[in-house]
J.: 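One structure follows; several queries about it will come next.
So you know, we letter chains A, B, ... as the sequences are listed, proteins then strands, and number each from 1.
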Amino acid sequence: MTHISHGTESTMQVRVRFAPSPTGYLHIGGARTALYNWLWARKNNGVFVLRIEDTDLERSTEEAVQQILDGLTWLGLEWDEGPYFQTANAAKHLETANRLLETGHAYRCFCTKEELDVQREAAEAARIAYTYDGRCRRLPAEEIHRKMEAGVPYVIRFATPRDPTAAVAFDDLVYGRVEKRCLDIEDFVIVRSDGRPLYILCNAVDDEQDRITHVIRGADGIANTPKQILIYQALGIKPPVFAHMPLTLDSKRTKLSKRRHGEVVTLAYYRERGFLPWALCNFMALLGWSSPDGREFFTREELIEAFDLSRINRANSVFNYVPGDEKNWTDPKALHFNATYIRTMPMDELLPYVKAELMDAGLWRDSFEGERREWFSRTVDLIRARYHTLKEFSTRGRCYFSDDFTFDDEAVKKNLLKHPSLRELLPELADRLAKLAVFDHESTEDAFRSFAEEKGIKAGIVINGTRTAVSGTSVGPGLFEMLEVLGQDRVVERLRKAPALIPAN
RNA sequence: GUCCCCAUCGUCUAGUCAGGCCUAGGACACCGGCCUUUCACGCCGGCGACAGGGGUUCAAAUCCCCUUGGGGACGCCA
């Protein structure tokens, strides 16, 4: 096991949490954090807590909360407790702040935001590091009293130990031992001047209350950890175990964010564009973690079994999408995972996703689940090998589900216009196919071969011409399997209409 | 600017902690070939990396130091 020097902890139930702030949509980075937490909980038969950290009233929105819930649900990362809302615990946060005040671990600071801004700017101009100088810490008791009486607003700051040798350390499950001198930690604010507590306090208090054993979060939280440990120490609470995961960066190597990167990093976008949720999870799991045996594809159960915090890489990874690339509109490896799942997953698991896609596109017919059930399954099976997303079932696959499909200009040029004789040949072929008593890939192939031979033309010409006439493209499954699936009536009809695509000279 | 972290193919990574099995392995992407009525799939092959410099050692991708590069944190945001 990976527990470090917390004696009784290995016998305790593992409890982890995903604690997003509802200030924007759930993005790939956040989803990966949720995934790792979920995996660790499931692996240890633990509890996965969802906590919405909404203490930033100005930026938190109801809509963002819903997006988070929807996103996790879509991914299949079900939580066991929550969602808890951080603001609901405000009383306890304040009570804790007061306790810290009473025990001398915190103090009231009357400096105004404006004063501090001036100091910060001055420090910046002088190119020196700014840290709050702790002047209010030395305020005489009667002055504090006077200011409070007068109603001067104040914040509450944590009184970081000022002993030059003092340090805070913790054993990170990913990064190893992390140590920070107290001198490098300023007296951070834990309660705003309007009385509302800040994240750094709330987070620690809530983790304690929710009995969190492992804090698994992005490496950008690493700098906060010493501060939170200081709070735990002041409160006499044993801190949880920390595991910071490397950040996910964009191709320009800057931290992924909704604000900078737009929809391509949002979860909702992947759902819209036709990703299978588990394919995305599988891909995200590999952004910073690897299996000892080099395996890349996992079922949920397999990943839970294989996953281990100790195998998380320390280096940041790049989410390699290139804006403007239509084919690789997101990380090519993510697309590869999605395509592989679409191609290989059990049909009964894939079909509901295809159904949803066809419904969205208005191509769904109830008969696909009734008398045409077999046909539907066979069709999906036939075409899925070359699709990368579910979306393609309704776009590239449209000709299988509707007579209203489009013809690709290049395909028409290459397979029809190049052979003007097809204008006469295709309807003639249609007549012949219409007479077939059995219409399957064997009988149609026989018909095509003998037809081509009779006419003294290469079979490929009539084969490819037919492909374009019945599907609008030059690519797809083997033609005869395709014809079988399309069915006699539709094939005959489409071939009879073919001359309209080939203008007579 | 200060503090912290990181560094293997274009990208995700194995190998680093316990130095030799590494003329560095896999995956994606890309390129070529085979298969084939097309496109995919599949199979075969190719391209392609230990950031640089010093040490330590019989031996360094692996340990140490420096440099460089990248990232993060420095809010009355979370």
J.: Give the minimum heavy-atom separation between A:Thr160 and A:Cys182, together with the two atoms involved.
T.: CG2-O, 3.6 Å

J.: Which letters describe nucleotides 35-51 of chain B, given B = protein heavy atom under 4.0 Å from base, S = only from sugar-phosphate, - = neither?
T.: --BBBBSS---------

J.: Report which part of the nucleic acid A:Val155 touches: base, sugar-phosphate, or nothing (heavy-atom distance under 4.0 Å, all strands).
T.: base

J.: Which part of the nucleic acid, if any, lies within reach of A:Asn415 when heavy atoms closer than 4.0 Å are counted: base, sugar-phosphate only, or nothing?
T.: nothing

J.: Is the distance between the ring centroids of A:Trp278 and A:Tyr270 under 6.0 Å?
T.: no

J.: Using heavy atoms and a sub-4.0 Å distance, could you list which residues of residues 106-121 of chain A are near RNA chain B? By number, please.
T.: A:Cys111, A:Thr112, A:Lys113, A:Arg120

J.: Contact class for A:Glu53 vs. all strands (heavy atom < 4.0 Å): base, sugar-phosphate, or nothing?
T.: sugar-phosphate

J.: In whole angstrom, what separates A:Glu326's CD from B:A29's P?
T.: 18 Å

J.: If we ignore angles and hydrogens, is there a donor and acceptor under 3.5 Å between the side chains of A:His244 and A:Asp172?
T.: yes

J.: Could you please name the partner base of B:A61, counting Watson-Crick and G-U wobble pairs only when both distances are under 3.5 Å?
T.: none

J.: Of the candidate nucleotides B:G26, B:C5, B:G71, which contains the atom at the shortest distance from the side chain of A:Arg253?
T.: B:G71

J.: Classify the side chain of A:Asp54 and the base of B:A78 as holding, or not holding, a donor-acceptor pair under 3.5 Å.
T.: no

J.: Quick one: look up who B:C17 pairs with, Watson-Crick or G-U, both distances under 3.5 Å, and put none if it's unpaired.
T.: none

J.: Parallel, tilted or perpendicular: which one describes the rings of A:Phe158 and A:Phe188, with boundaries at 30° and 60°?
T.: parallel

J.: With heavy atoms under 4.0 Å as the rule, sort A:Ser193 into base, sugar-phosphate or nothing.
T.: base

J.: According to the Watson-Crick and G-U wobble definitions, with both distances under 3.5 Å, which nucleotide is paired to B:G10?
T.: B:C28

J.: Taking any strand in view, what nucleotide pairs with B:C47 in a Watson-Crick or G-U wobble way, both distances under 3.5 Å?
T.: none

J.: Need the pair for B:G1. Rule: Watson-Crick or G-U wobble, both distances under 3.5 Å, any strand; none if unpaired.
T.: B:C74

J.: Between B:C74 atom P and A:Lys227 atom NZ, what is the distance in whole Å?
T.: 6 Å

J.: Can you measure A:Arg32 atom CZ to B:C12 atom P for me and round it to whole angstrom units?
T.: 11 Å

J.: Donor-acceptor pair, distance only, cut-off 3.5 Å: does the side chain of A:Asp325 make one with the backbone of A:Lys327?
T.: yes

J.: Check each residue of residues 194-206 of chain A for a non-hydrogen atom within less than 4.0 Å of any atom in RNA chain B, then write out the ones that pass by number, or none.
T.: A:Leu198, A:Tyr199

J.: Once you apply the 3.5 Å cut-off to both distances, tell me the Watson-Crick or G-U wobble partner of B:C34, or none.
T.: B:G42

